[in-house]
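A quick write-up on the structure given underneath.
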2 protein chains.
Amino acid sequence: MPRVSAEYLAARREEILDAAARRFAADGFHRTSMQDIIDEAGLSPGAVYRYFRAKDELIESISVEAMGHIESVVSGGIDGEEPLADLIAGLPAAFDALGRTDERARLAVQTWGEALRNPPLAEALAARLANVRSALRDRIATAQRAGEVDPAADPDDAAKVLLGLLQGYLLQKAWDPDLDPADFGRAARVLIAPRQAMPGHSID
Amino acid sequence: MPRVSAEYLAARREEILDAAARRFAADGFHRTSMQDIIDEAGLSPGAVYRYFRAKDELIESISVEAMGHIESVVSGGIDGEEPLADLIAGLPAAFDALGRTDERARLAVQTWGEALRNPPLAEALAARLANVRSALRDRIATAQRAGEVDPAADPDDAAKVLLGLLQGYLLQKAWDPDLDPADFGRAARVLIAPRQAMPGHSID
DNA sequence: GATCATAAAGCGAATGCTCGTTCTTGACGA
DNA sequence: TCGTCAAGAACGAGCATTCGCTTTATGATC
């Protein structure tokens, strides 16, 4: 078996994915040609097609990976013990802390549009969103019990709103890489929790 | 039909734009072929190319139109005299009131991605966003003076947050047409103004 | 008001090009 | 020597766009 190590194969695959991510982020999925990716990776068509059956497979891999990063940022933040307001204020910065922020934000926007048209992608996205929403919902319910959030809010709907907030941040970050995550987070916190915890709302 | 009225020409042009919008919303800009649009409009290639020089011109027209609708909804809402909380709660419903909500939401998402790559589109989008942000900023400053919003918030950053909220709603609406604008708006209002106006914050 | 001439409006086969993908060939490690 | 990996020329499909022809509404003419 004249072969190469499994590590070599995995590394090659990752190289191709990285190259594809760079080009996809820059030009969008459908304005990026396979040749663009092949050139960016410094390989040949034959080589790339040994690792990925088709362009769609590349798009799906990149998209699912991109969703995973965002999901892990939100889920990771939710697990903390900090007040909800701090969590919200910190999410933009937490996303930026992943690195390669511009690329990630742009890929996220591309992925959102792609999911409207690509059923497997839509399914993957829906599943991950459901996870995030459910974690957020629980976190909000807890915050309500602690008197941090008005008990009149429906936790399910409030979760959608908070998720929307982060999506809006990502979108604006994709357009403007100079958008400051701390400023955005601080403004979100002040809007949502004007004077720290609301007095007199605790359920006990 | 030679030498026809200007109204006839405008109506034809509008027919083509409508057909293109339907297909673009369904399949995305780049998965929609000119033949798809031509078939949807019930015309021939020659006819369509008489009204639009190229596919990109179609994409730009549709995109700019889509942005305009969103801008007018937000700007229209901002002009009102209602409390900021009511404005925020009502924006999702106001967008839905435009009609053809699913199509509009999906087109908006497609446009966001396209603007990342298409300079003229990016410019048009940036200009409209600047308008909306500036109107929101003024509205927030007014609300702060009225004691509706914590004066600690930077109006500029707060405007970005509120804009992000609406963008998040549009995105979620594109994925899930059943998303209820009233629920979303109500949750946003409760989160941002937990107990109506905050007491004791008026500057006078 | 019927006929005609004109040029705009529409048609659709044809074009040229780009793209994703395949396949043959060669190189190289085991 | 054998199987794997990479290379890159080649291919066919599908795309946006063009162009020469046909159709037809309109204004002029009688």
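Below, chain A is the first sequence line, B the second, and so on; all start at residue 1.
Taken from CG in B/Leu191 to CG in A/Leu162, the straight-line distance is 5.5 Å, to the nearest 0.5 Å. Separating the CD1 atom in B/Ile59 from the CG atom in B/Leu107 is a distance of 11.0 Å, to the nearest 0.5 Å.
With respect to the salt-bridge test (charged N to carboxylate O, under 4.0 angstrom), the residues B/Lys173 and B/Asp96 qualify. Note on B/Arg22 versus B/Glu40: salt bridge recorded, some NZ/NE/NH1/NH2 to OD/OE distance being below 4.0 Å.
Rounded to an integer number of Å, the gap from B/Tyr49 OH to C/dA9 P is 19 Å. For the pair B/His30 NE2 and C/dG20 P, the computed distance is 13 Å after rounding to whole Å.
A heavy atom lying under 4.0 Å from DNA chain C marks the following residues of residues 31-46 of chain B, by number: B/Leu43, B/Ser44, B/Pro45, B/Gly46. Within residues 52-61 of chain A, the residues approached by DNA chain C to less than 4.0 Å at the level of any non-hydrogen atom are A/Ala54, A/Lys55, in residue-number order.
For the pair A/Tyr8 and D/dT4, the criterion of a side-chain N or O lying under 4.0 Å from OP1 or OP2 is not met. Between B/Tyr51 and C/dA9, a side-chain N or O to OP1/OP2 separation shorter than 4.0 Å is absent. Residue B/Arg50 places none of its side-chain N or O atoms closer than 4.0 Å to OP1 or OP2 of C/dC11.
Residue pairs meeting the salt bridge (charged side-chain N to carboxylate O under 4.0 Å, His left out) criterion with at least one partner in residues 62-82 of chain B, sequence neighbours excluded, are B/Glu71-B/Arg128. The list of ring-ring contact (aromatic ring centres under 6.0 Å, His included) pairs with a residue in residues 17-41 of chain A, not counting sequence neighbours, reads A/Phe24-A/Phe29. Every pair passing salt bridge (charged side-chain N to carboxylate O under 4.0 Å, His left out) that includes a residue from residues 113-125 of chain A is listed here, sequence neighbours excluded: A/Glu114-B/Arg31, A/Arg117-B/Asp27.
In this structure, the side-chain contact (heavy atoms from CB on, under 4.5 Å) partners of A/Arg137, at least two apart in sequence or on a different chain, are A/Ser134, A/Pro155, A/Asp156, A/Ala159.
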